[in-house]
Undergrad: 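Here it is, the structure, as structure tokens.
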Amino acid sequence: MMNYLVLAGFVAIIGSLAVALVFMMRGDRGTGADATNPDTPRNNHMARALAFRVGFSILLFVVVLISYLMGWIQPTGLPLRG
């Protein structure tokens, strides 16, 4: 179960990063008559997507930390030298 949760978290992080890239490359200034006016302030879609990415990253870290503390996941890796 935790594998799927972590995988979904990574997909959300990468997806949010991809959305921010699309907004950055497109240079979205909104729609309507003022879209071509250079004085129109830019929509903050890219900043919002990057903020979601940071939020997803923090949430994933907290979920992994709580899962470790609750004993739902166990650390694996190289054994310590004794």
Side-chain angles (χ1 to χ4, degrees):
M1 177 67 181
M2 288 305 296
N3 290 337
Y4 296 120
L5 186 64
V6 170
L7 182 63
F10 279 128
V11 168
I13 291 168
I14 298 298
S16 177
L17 194 60
V19 168
L21 176 67
V22 168
F23 283 126
M24 183 181 71
M25 297 303 287
R26 192 169 62 174
D28 189 19
R29 288 193 181 270
T31 58
D34 291 337
T36 58
N37 186 357
D39 295 330
T40 303
R42 294 183 74 146
N43 291 335
N44 57 358
H45 295 296
M46 184 180 73
R48 188 177 303 139
L50 291 174
F52 278 124
R53 183 190 66 85
V54 170
F56 287 138
S57 299
I58 292 171
L59 181 66
L60 182 63
F61 176 76
V62 169
V63 166
V64 168
L65 182 65
I66 290 173
S67 299
Y68 171 71
L69 293 174
M70 296 292 286
W72 297 338
I73 58 174
Q74 299 295 323
T76 59
L78 298 174
L80 296 174
R81 293 184 187 200

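Worth knowing before you read on, the calculation uses all heavy atoms, side chains too, and leaves out hydrogens, waters and symmetry mates. All residue numbers refer to positions in the sequence shown, counting from 1.
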Undergrad: In chain order, what residues pass the side chain to side chain contact (heavy atoms under 4.5 Å, CB included) check against A12, with sequence neighbours excluded?
TA: F56
Undergrad: If I take atom CZ from residue R53 and atom CD1 from residue I58, how far apart are they, to the nearest 0.5 angstrom?
TA: 10.0 Å
Undergrad: Can you tell me how far the CD1 atom of I66 sits from the CE atom of M70, to the nearest 0.5 Å?
TA: 8.5 Å
Undergrad: Of the non-hydrogen atoms in V19 and A49, which two are nearest, and what is the gap between them?
TA: CG1-CB, 4.1 Å
Undergrad: What are the two closest heavy atoms between S57 and I13, and how far apart are they?
TA: OG-CD1, 3.6 Å
Undergrad: Quick check on the hydrophobic clustering: are V6 and L65 connected, directly or via other members, by side-chain heavy-atom contacts under 4.5 Å?
TA: yes
Undergrad: In Å and rounded to the nearest 0.5 Å, what is the CG to CG distance from N44 to L50?
TA: 11.0 Å
Undergrad: Please check if M46 and L17 belong to a single hydrophobic cluster, counting links between Ile, Leu, Val, Met, Phe, Trp and Tyr side chain heavy atoms closer than 4.5 Å.
TA: yes
Undergrad: By the side chain to side chain donor-acceptor pair (under 3.5 Å) test, which pairs, at least two apart or in different chains, include something from residues 3-16?
TA: none
Undergrad: Do F52 and V63 sit in the same hydrophobic cluster, where Ile, Leu, Val, Met, Phe, Trp and Tyr count as joined when their side-chain heavy atoms come under 4.5 Å apart?
TA: yes
Undergrad: Would you please name every residue forming a side chain to side chain contact (heavy atoms under 4.5 Å, CB included) with I73, sequence neighbours left out?
TA: M2, V64, S67, Y68
Undergrad: Output the distance between atom CG (L5) and atom CZ (F10), rounded to the nearest 0.5 Å.
TA: 11.0 Å
